[in-house]
Structures are given as C-alpha cells and as structure tokens.
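Here is the structure we will look at, set down as structure tokens.
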Number of protein chains: 2
Amino acid sequence: MDDHTDQIRKPRADAVRNRERVLEAAKAVFSAGGPEASLEAVAKRAGVGIGTLYRHFPTREDLFEAVYRREVEQLSELAEQLKTAKDPVDALRRWLNSAVEFVATKKGMSAALALTFQSSSELAAFSMDRLTKAIGSLLDRAVAAGQMRADVSPEDLLRALIGMCYMHDQPGWQSSVLRMLDVFVDGLRMQTAAKAKARVAKPAKPAVKRKR
Amino acid sequence: MDDHTDQIRKPRADAVRNRERVLEAAKAVFSAGGPEASLEAVAKRAGVGIGTLYRHFPTREDLFEAVYRREVEQLSELAEQLKTAKDPVDALRRWLNSAVEFVATKKGMSAALALTFQSSSELAAFSMDRLTKAIGSLLDRAVAAGQMRADVSPEDLLRALIGMCYMHDQPGWQSSVLRMLDVFVDGLRMQTAAKAKARVAKPAKPAVKRKR
DNA sequence: GAAGATACGGAGGCACCCTCCGCTTAACAA
DNA sequence: TTGTTAAGCGGAGGGTGCCTCCGTATCTTC
C-alpha cells in the first residue's frame, strides 16, 4: 500500500465556506430564538442542507461550542489591551464592566450557554482558561501594585462575574450587576497603606474561618 | 338558566393526587435527565396518562415552575429560623452557605431553571420576592446592629448568590462560591475603627499559592 | 483532463410534542 | 344509597424536529 499518507490534503474550499456560513447562521438563529431553535432553521438560513450541518457539528452542543468560542476570544483580546492602562484597579473594573455589557447583547444565547457549559466540561475548561488568563493579568497588576488583597484567585472572580450575568432577565439587572461588582472590588481592595502593610506582614492561617 | 354557579365544588381527590404525583416524578426525572427530558417519561413515572400531565401543566415551563416553587419555599423557611440566631452577620453567612449546599443537590434542575427564568418573568418575580424577603430580614438585622453597610439591597445580594451557583459544573465550584461569599460579606461589612483593627489582628492572611 | 477523495443534500425512520374526545370516577343532592 | 352531572382520565394520532445514510456533485491532485 502506498502511503504518502502523511501528505495532507488541503481542506476543500466549499467545506470551509459552509462551515463559516453555518456558524454565522447559528449565532443569529440562537440569539433570536433561544437554544431550542430548530437546527433545520439554522441550515436553511445558512443555505446548506441539514446533512451538511450535522457533518460539521454532529451535535447541537458542538454548534453552541463553536459559536461561543469566538465570543470568548473577543473578551480575551480586550484584556490584552487594558493591560497597558495606568490604574490597575480601574483597568480591572473596566474590563468587568465591558464583560457585562458584552453579555447584555447576547440575551438569546445565554440559556444555550448554560446548557452547553453543563454538558461540555471541555468548553468550560477552554473558556475558563482563556478568561482566567485575561482577568489574571489584570488582577496581578493590581496586586503587584499593592492595591488589592491577594487571596482571591482569577477563577473566583470570573465565577462571580459570569454568575451574576446569568441573572439578566430582570429589569435593571445590568446596573445591579455593576453595583455588585463595585462592592466586590471594594471587598478585594486593600483598605489603606497601613492596613495593607499590617496584613501582608501577618503570618499564615487560611483566609477564612469556614466552619464545616 | 339556574345559577347556583357560585356554589363551588370541592376539587376532586384523584386530581389532587395526580397533580402531586406528577410533580414528584418531574422533580426526579428532570434532576436526572436535565431539562430536555421527555415529558412522556415523566407521565410514565408518575403513573398517569400524558393527557393528564398536560391538563395540569399545559407547558413544560409550567411544570418547571411548579417544581421550583417548592424549593423556594424551603429556603424561605430556613431564613425564618435563622432570624433568631445571635450573631446577625453569621446568620446571614450561614443562610448563604445553606443556599449553596441546597443548590448543590439540584444539579440537573439548574439548566431547567435557567430556561424557565428566562421565559417566565412571573416566576422570577415570585421567587425574587420570596427570597428577597428571606435575605432582607437577615440583612436588616445585621445593618440595624451596625455591622454592615446599608447601601446594598437584598436584591443585589440574592442576584450575586444565585448567579454564582450557576457555575456549578466546575470541580470545586462549591468551595469557590463559599470563598466568594466570604469576600462579599467582607465587602459589605462595616469597617468601624474597632472592627478594622480586629480584622487586621485577625488571620485574614491571604496570599498563599495563587500561582500565576 | 482523469481519478480519487471529500463534501453535499435531503429523503426517511424515529422520538417526542401536544390536542382531542370518548370513557371513567368523584362530588353532591335527594 | 342511588342518580345525576361535572370534572378528570388516558392514549391514539397528526405534526414537527432530530439525525442517519447514501447516491450525487464538486474539489484537489497528478
């Protein structure tokens, strides 16, 4: 058997194009109709057969995933830009605010994402990693500058942020989330130079006295 | 036409019984199989016909709602009990912790709830009202005792709590949420001179691992 | 241009949704 | 108790969307 199998073929142009079309259509359809929207509707909007859709994205979740990955990238890039801001605490606060606003435009997708996160821990890992790094870089700067306590991880903060945004079916949710984030940042912030010093000088003993 | 129409009949015993059975079955089925679970499976498990299920709960959301309402009641009652605890801040912290644990046992239901909340603002209003009052009573005590800042509403706190719990697909989510809540309560807490001192003298030593 | 690999589309089988209506049963009156 | 009647029950069946499968079309490579 001849195997120049390692010879990899260039992916077909139509396949690439169709995949892109489906993603585009899916984003629109899910945003409008929620996660239950018909996949056949997605295929139709994309102008491809239902079979094509299923070949590229064997399950509904696969499709959610692919759509979602893009969104994550965008937030990640924003953090990159904010890293050069002057005030680290303000930069963090700003990123959080942007994240809230970002979520605000994705109403229809959110329920879909809730479902996807639940079943695909792989996606959760990816986005966690990506967004954690984003927050982490902002957080570290603030900590390094002595402006924030250091016992809350980027993971924790991310969790709080995403969590709060899930509540966005209430009227006024957005301003409420923003207020919460302010309180939160206050909770994280070093109180005064003196206090900060005292605290850092303090010896170990785990952050909290959690009973049970 | 004779109308002793105002004469109201007692609801039929079998109807009451069946309704109860369906709720029981639904809780189990949704917990295990998530929100997409077959309603026919629910009917079968309840030992009733599919028609009966649909008469009692015309839509899938109606069923979610009814199941959910009970859960809310329980949390509400817990708050009632905690109102008599000595330390108000600790009572609040405890209620929050219990809420987290409570959610932890409802894995399968959470995605369903996310969907329901999105489409039924009526349910959201009900549970918000109920839980807000629960938190509110605990929060008020702490504020009245001068142990907490007063500019964060029960609604805000509830939002943060529920939000955080939506993240529970991650390993270790629970301890993370608990940690977040601690930080949060710290952020809320009054920083009186005495308190602040106490805090500094206290262990809140952070740091630790937090690699990267 | 030919050969072969790759992708396309949509028919079709299946599962589930939900409605509709004839039958059953509980509540009330006598 | 028994009769009357409203309320409730069950599940057949039409409809929709899911997903697979395979004959056909198109692209890449030589």
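Order of the sequence lines fixes the chain letters, A, B, ..., with proteins taken first and strands second; residue numbering starts at 1 for each chain.
- Under the side-chain hydrogen bond (donor to acceptor under 3.5 Å, both in side chains) criterion, the residue pairs touching residues 12-26 of chain B are B/Arg12-B/Asp14, B/Glu20-B/Arg70, with sequence neighbours excluded.
- B/Arg45 CZ to B/Ser38 OG: the interatomic distance, rounded to the nearest 0.5 Å, is 13.0 Å.
- A/Ser38 comes within contact range of the sugar-phosphate backbone alone, with a heavy-atom separation under 4.0 Å but no base atom that close.
- Not a single donor-acceptor pair, N or O on each side, falls under 3.5 Å between the base of C/dA5 and the side chain of A/Arg9.
- Put simply, the side chain of A/Arg141 never gets that close to the backbone of A/Gly136: no donor and acceptor are under 3.5 Å apart.
- Both B/Asp14 and B/Pro58 lie near DNA chain C, and the one whose nearest nucleotide falls closer to the 5' end is B/Pro58.
- Each of B/Val16 and A/Gly51 lies near DNA chain D, and the nucleotide nearest B/Val16 is the one positioned closer to the 5' end.
- Remark: of the listed residues A/Lys86, A/Arg94, A/Arg93, A/Arg94 is the sole one forming a salt bridge (charged side-chain N to carboxylate O under 4.0 Å, His left out) with A/Asp90.
- When the P atom of D/dC30 is taken as reference, atom NZ of A/Lys10 falls 12 Å away, rounded to whole Å.
- In this structure, B/Asp87 CG and B/Leu82 CG are separated by 11.5 Å, a value rounded to the nearest 0.5 Å.
- One interatomic measurement links the two molecules: CG of B/Asn18 to P of D/dC9, which rounds to 5 Å at whole-angstrom precision.
- Contact check on B/Arg69 versus B/Glu73 returns no salt bridge, with no Lys/Arg side-chain nitrogen under 4.0 Å from an Asp/Glu carboxylate oxygen.
- Regarding contacts with the backbone of C/dG9, a side-chain N or O of A/Thr52 is found under 4.0 angstrom from either OP1 or OP2.
- Look at OH on A/Tyr54: it is 15 Å from C1' on C/dA11, rounded to the nearest Å.
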*Dot-bracket, DNA chain D: Watson-Crick or G-U, under 3.5 angstrom, [ ] crossing, | other strand?*
||||||||||||||||||||||||||||||
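- OP1 or OP2 of C/dT25 has not a single side-chain nitrogen or oxygen of B/Arg12 nearer than 4.0 Å.
- Computed from coordinates, the B/Leu39 CG to C/dC18 P distance equals 7 Å when rounded to whole Å.
- Between the CZ atom of B/Arg55 and the P atom of C/dC17 there is a distance of 17 Å, given to the nearest Å.
- Between the CZ atom of B/Phe57 and the P atom of D/dG10 there is a distance of 14 Å, given to the nearest Å.
- Under 4.0 Å is where a charged nitrogen must lie from a carboxylate oxygen, and between A/Lys44 and A/Glu40 no such pair does.
- Atom P of nucleotide D/dC21 and atom CD1 of A/Ile50 are separated by 15 Å, given to the nearest angstrom.
- Taking atom NE2 of residue A/His56 and atom P of nucleotide D/dT20, one finds them 15 Å apart after rounding to whole Å.
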